[in-house]
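Below is one structure, written out as structure tokens; comments come after it.
Here is the naming used below: chain letters follow the sequence lines, and residue numbers restart at 1 for every chain. Here the structure is a predicted model, which means the values were calculated and not measured.
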Amino acid sequence: MKVKVVKKVLDANDRIAEENRKLFDQHKIFVINLMSSPGAGKTSLVEQTIKAIKNKYKIAVIEGDIQDTYDADRIAKLKIPVVQINTGGACHIDGNMIREALPSFDLNKIDLLIVENVGNLVCPAEFKIGENIKVMLLSTPEGADKPAKYPLMFQESAALLINKMDLISYIDFDLKKARRDSLSLNKKLKIFEVSCKTAEGLEAWIAWLTQRIDEFKKK
Amino acid sequence: MHELYLAESIINIISNYAEHNGFKKVNIVFLSCGRLSCIESKTLQFAFDVQAKGTAAEGAVLEFQILPAMIHCFSCEKDLEVEIHTGVCPSCGGHEVVLTAGTEELKILELDVD
Ligand SMILES: Nc1nc2c(ncn2[C@@H]2O[C@H](COP(=O)(O)OP(=O)(O)OP(=O)(O)O)[C@@H](O)[C@H]2O)c(=O)[nH]1
Ligand SMILES: [Mg+2]
Ligand SMILES: [Zn+2]
């Protein structure tokens with residue numbers, strides 16, 4: 001006997017993500033799901049972003065590390081509410097992990113929630129968490145072949161930050177190819193060339209992000 | 001890595017259907033996903049076998065319908081199937097291409113049950 005199903009395998013997660021989204025909308029919280037491979041510079045970008053706009057918005061951070069609390073400690077130093085999710089070896093953050101982390105925050109006191117996902121270019125792109133936008137980093141030492149190898153994350157992201165631009169003269173990174181291949185996956189992708197070390201190029205990212213948050217708040 | 005979670009989700013969906021439709025055994029699970037969706041079918045089957053023990057899904061075979069990856073080229077205005085996406089048109093070598101299909105997420109289409 002045949003039984004028709006026709007259902008997304010991650011349907012249950014999608015529904016939890018929608019519930020999270022409703023909660024964020026009620027509290028007017030703009031949520032970023034930040035993704036990249038390990039070490040591309042996610043925590044560095046979170047630190048730089050906090051420094052740039054913490055006087056304008058009330059920020060909170062969720063850190064998804066497989067084990068240690070190293071990243072969460074870096075954020076806590078900036079006097080920002082931060083919750084560490086222990087993914088227990090999981091390669092991504094899912095909607096339920098976010099739902100379970102939310103009671104640790106006072107949602108009335110957050111304008112912007114940044115979720116640093118687990119370092120991985122495949123899995124995080126598949127799991128919705130209730131975010132407004134996905135943002136990804138690609139660092140120059142990783143090479144320009146990543147869009148071709150991991151297309152989904154590039155398709156799903158609203159913005160791509162090409163990080164560690166300060167290293168570009170030391171390594172073979174085909175910037176033109178990275179930009180072209182990324183755009184061939186996602187014509188609307190907003191690309192920024194930055195260095196989270198020298199802060200070069202970050203003003204454009206901050207300006208773009210600020211505009212997105214303000215538009216959301218006005219709605 | 002994500003195969004572990006995908007397998008668990010498939011088993012949960014099957015268990016729900018088994019309860020509602022009253023079947024005891026699943027022979028085949030028909031699935032679909034895009035060619036570029038980074039799903040390793042052998043790994044998924046293995047993760048599924050391990051986790052399905054003792055559930056209605058135990059012993060089921062996963063059958064994949066792989067959806068083609070397609071590009072559109074703005075230089076030669078062709079729609080072409082590709083094995084991998086390189087950002088280059090396989091017909092004219094142009095770079096003005098966009099991936100139009102191939103990253104579809106994993107879906108359960110149908111179950112063959114007893
Ligand atoms: N040269 C250079 N180094 C950078 C830059 N951004 C980050 N780094 C360094 O790269 C390393 C990793 O940066 P993190 O911000 O911890 O990266 P991450 O993506 O959060 O890493 P995981 O959370 O472990 O996946 C650190 O040593 C940073 O100092 C950059 O723009 N240029
Ligand atoms: Mg980090
Ligand atoms: Zn062509």
Side-chain angles (χ1 to χ4, degrees), chain A residues 1-16 38 66 87-97 117-128 144-157 174 176-189, chain B residues 1-14 16-18 20-23 25-40 44 69 71-74 82 84-89 94-100 102-114:
Chain A
M1 185 177 67
K2 291 265 167 59
V3 177
K4 268 246 170 301
V5 181
V6 191
K7 201 179 198 136
K8 292 176 180 175
V9 167
L10 294 178
D11 186 58
N13 182 67
D14 288 2
R15 269 183 282 138
I16 295 171
I66 290 185
T87 60
C91 47
H92 61 272
I93 290 178
D94 65 24
N96 193 47
M97 294 177 200
N117 219 309
V118 181
N120 182 327
L121 280 178
V122 182
C123 317
E126 297 178 336
F127 292 82
K128 298 188 180 77
D145 57 348
K146 295 299 171 289
K149 284 187 182 157
Y150 306 100
L152 185 64
M153 194 172 286
F154 290 82
Q155 283 183 326
E156 292 275 314
S157 296
D174 190 340
K176 212 174 132 204
K177 177 178 163 60
R179 292 191 76 108
R180 195 180 60 213
D181 288 4
S182 302
L183 290 171
S184 82
L185 292 166
N186 179 356
K187 286 266 172 272
K188 289 197 209 117
L189 187 68
Chain B
M1 251 320 262
H2 56 169
E3 282 81 4
L4 221 62
Y5 301 88
L6 296 172
E8 189 185 327
S9 302
I10 295 169
I11 293 163
N12 288 339
I13 293 170
I14 292 177
N16 282 335
Y17 272 77
H20 287 279
N21 297 40
F23 56 81
K25 186 179 183 307
V26 183
N27 304 312
I28 309 170
V29 184
F30 294 94
L31 300 158
S32 76
C33 64
R35 175 175 294 280
L36 306 180
S37 60
C38 296
I39 291 163
E40 216 17 90
L44 185 56
I71 60 134
H72 177 77
C73 174
F74 294 97
V82 292
I84 52 160
H85 176 63
T86 56
V88 179
C89 172
H95 290 300
E96 280 290 303
V97 296
V98 59
L99 187 74
T100 52
T103 54
E104 292 80 2
E105 69 174 285
L106 191 64
K107 271 191 194 152
I108 302 189
L109 303 176
E110 202 172 49
L111 305 173
D112 182 275
V113 304
D114 286 337

(Q) Minimum heavy-atom separation for A:Ala144 and A:Lys177, please, with both atom names. (A) O-CE, 4.0 Å
Q: Quick one: which of A:Lys8, A:Glu126, A:Lys4 has the most heavy-atom pairs under 4.5 Å with chain B, could you say?
A: A:Lys8
Q: Under 4.5 Å heavy-atom distance to chain A, tell me which part of B:Ile84 shows up: side chain, backbone, both or neither.
A: neither
Q: Please examine the side chains of A:Phe127 and A:Ile93, heavy atoms only from C-beta on, and report whether any two atoms are closer than 4.5 Å.
A: no
Q) Relative to chain A, which segment of B:Ser37 carries a heavy atom at a distance below 4.5 Å: side chain, backbone, both, or neither? A) backbone
Q. When rounded to the nearest 0.5 angstrom, what is the spacing between NE2 in B:His2 and CG in B:Leu106?
A. 9.0 Å
Q. Got a sec, which residues hit side chain to side chain donor-acceptor pair (under 3.5 Å) with A:Asp11, two or more places apart in sequence or on another chain?
A. A:Arg15
Q | Engaged part of B:Asn21 at the chain A interface, taking heavy atoms whose separation is under 4.5 Å | A | side chain
Q | Heavy-atom side-chain contact between A:Val5 and B:Glu110 under 4.5 Å | A | no
Q. What option among B:Thr103, B:Leu6, B:Asp114 has the most heavy-atom pairs under 4.5 Å with chain A?
A. B:Thr103
(Q) Looking at chain A, which one of B:Phe74, B:Phe23, B:Tyr17 has the largest number of heavy-atom pairs inside 4.5 Å, strictly under? (A) B:Tyr17
**Q.** Close side-chain approach of B:Val88 and B:His95, heavy atoms under 4.5 Å
**A.** yes
Q. Quick one: of B:Ile71, B:Asn27, B:Leu99, B:Leu111, who has the most non-hydrogen atom pairs under 4.5 Å with chain A?
A. B:Leu111
